[in-house]
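What you see below is based on every heavy atom in this structure, not just the backbone, and it leaves out hydrogens, waters and symmetry mates. One-based numbering, in listed order, for ligands and for the atoms of each.
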Amino acid sequence: MARLVMKFGGTSVADLDRIANVARHVKREIDAGHEVAVVVSAMSGVTDQLVAWCEGALRTRKIFDAREYDAVVATGEEVTAGLLAITLQDMDINARSWQGWQLPVLTSNVHASARILDINGTELIRRFRETREVAVIAGFQGVHKETNRITTLGRGGSDTSVVAVAAAIRADRCDIYTDVDGVYTTDPRVVPRARRLDRVAFEEMLELASLGAKVMQVRSVELGMVRNVRIFVRSSFDRPEDIDPHGNPPGTLICDEAEIVEQQVVTGIAFSRDEAQISIREVQDKPGVAAAIFGPLAAANINVDMIVQNVSADGKTTDLTFTVPAADYQRALDVIVKARPAIGYARLDSATDVAKVSVIGIGMRSHAGVAAQAFSALAERAINIRAITTSEIKFSLLIDAAFTELAVRTLHSLYGLDKVTA
Ligand code: ASP
Ligand code: MG
């Protein structure tokens, strides 16, 4: 017997038939003798609709009261939790739904992007023991203790709910059922030869997730790493009846790197086309200039990603390049233009048709020359590199967006990630 947490995302609970399919997955685990908590998302499209209603309700103001936004958007998960509990009961399985305030899931009071502070799992465990009751928990929501108001965890937040629940009830397994059957070496829509990874280290997954592999919310991976919750990503579309409860289902285990025996040098390649580049030419080369540039950007809540500064030749001026999300491009330009007197520069160059390609792997810590191989491979294909940044386990290249697919495919083959076909 094991204690499990199972999470089902929006597409997996999109209608009553799929909810029935989810219930059969739960039944399979109950029949195998396990204690089960389930965390659900809102049915697909529901949260988007709720957000749109909040925006539509404003006729004169520009921003809404985030506490009321949370009161509205939290309801999506409540519907799914109740429906799944009804479906399970209909199959003669003892089950009940839980909303965030009932457990409770205590969070900070940063509405619309609250952080989980604590979850009390005692009552769930008592019920597993005494009545084998399945706990169906509404993901994405919690409550702020002092104000007693409902909070939500930010879009995609039910991933974080499930990892926190797993930690709270000391689950043996945390299974994320989703519309893909695991984490891939890169996006299979771009590289058909992308392979599913059997295992990926938390740190690698953090990079993959934050770089646009949309499998899991970044914060949920962080939480898994801190609390050491092993997370198994698997498909919810497999027929529950076809799964051997004692076998090894296909999927990807996100775990500590110590659990990965055969570590490859490169694990995956992530890319993002939503980048914009801003280059500030001939800025003063003196203390305080970086602060004069990035201070106002931070104050405007603009996330700066790559930063490259040259060492000046004459000791007087230099060039500085950075990237921001394409959505923030215009705002970032405005901020820099406004701060021009404080920064002091000759001119701005910028581009929005750029993409960032990142190569990720824990093995890079102990292997030299990994990035150098990429530079030659891209050069052979006449792909120009605009900027490079590196960290211990990844390097990122800024290139022209038109070459994104070619670059990703080239690097995917270069590092031996292509699926071997018979
Ligand atoms: N329903 C929420 C969203 O769509 C939370 C989640 O699904 O993880 O963002
Ligand atoms: Mg999701």
Side-chain angles (χ1 to χ4, degrees), residues 5-16 18-19 21-22 25 37-56 64 66-85 97-101 103 105 107-108 110-116 119 135-144 150-168 174-180 183 205-206 208-210 212-224 229 231-237 254 327:
V5 186
M6 308 170 74
K7 189 249 163 170
F8 295 90
T11 41
S12 311
V13 293
D15 55 38
L16 293 177
R18 292 202 187 157
I19 292 179
N21 193 56
V22 165
H25 277 293
V38 190
V39 176
V40 287
S41 286
M43 296 161 85
S44 68
V46 167
T47 310
D48 288 342
Q49 174 66 74
L50 295 169
V51 172
W53 278 340
C54 290
E55 285 162 356
F64 36 66
R67 293 164 300 187
E68 303 307 343
Y69 165 92
D70 277 351
V72 174
V73 298
T75 59
E77 274 69 14
E78 294 167 13
V79 172
T80 325
L83 289 174
L84 179 57
S97 67
W98 294 89
Q99 296 178 11
W101 61 273
L103 276 173
V105 176
T107 72
S108 66
V110 186
H111 285 274
S113 58
R115 281 181 176 266
I116 297 180
I119 297 184
V136 186
I137 300 161
F140 182 51
Q141 57 168 274
V143 63
H144 179 245
I150 292 172
T151 53
T152 65
L153 310 178
R155 297 306 303 270
S158 55
D159 291 337
T160 302
S161 306
V162 65
V163 177
V165 167
C174 176
D175 287 356
I176 309 260
Y177 289 80
T178 177
D179 50 1
V180 289
V183 180
M205 189 62 208
L206 267 182
L208 289 168
S210 58
K214 295 177 190 67
V215 189
M216 289 192 71
Q217 198 195 32
V218 177
R219 268 166 53 191
S220 68
V221 183
E222 264 167 23
L223 189 65
V229 175
I231 302 165
F232 187 58
V233 180
R234 57 192 290 184
S235 167
S236 66
F237 296 131
I254 309 172

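Residue-ligand proximity, Ser41 to ligand 1, at heavy-atom distances under 4.0 Å covers atoms 6 (C), 7 (O), 8 (O). Ligand-side atoms of ligand 1 in range of Arg155: 3 (C), 4 (O), 9 (O), range being under 4.0 angstrom from any heavy atom. Within ligand 1, counting atoms from 1 as listed, the ones closer than 4.0 Å to a heavy atom of Gly156 are 3 (C), 5 (C), 6 (C), 8 (O), 9 (O).
Between the side chains of Thr152 and Asp70, a donor-acceptor pair is found at a separation under 3.5 Å.
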Walk me through it: do Ile254 and Met216 pass the test side chain to side chain contact (heavy atoms under 4.5 Å, CB included)?
CA-CA 11 Å; Ile254 309 172; Met216 289 192 71; 3.7 Å; yes
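Listed here is the closest heavy atom pair of Leu153 and Ser161: CD1-OG, 3.4 Å.
Residue-to-ligand polar distances place Thr47 within reach of ligand 1: an N/O pair is separated by less than 3.5 Å.
Distance alone, capped at 3.5 Å, is enough to place a donor-acceptor pair between the Gln217 side chain and the Arg155 backbone. A distance-only check finds no donor-acceptor pair linking the side chain of Asp175 to the backbone of Met6 [under 3.5 Å].
Heavy-atom separations between Gly10 and ligand 1 are all 4.0 Å or longer.
Only the side chain of Glu77 comes within 4.0 Å of ligand 1, judged by heavy-atom distances.
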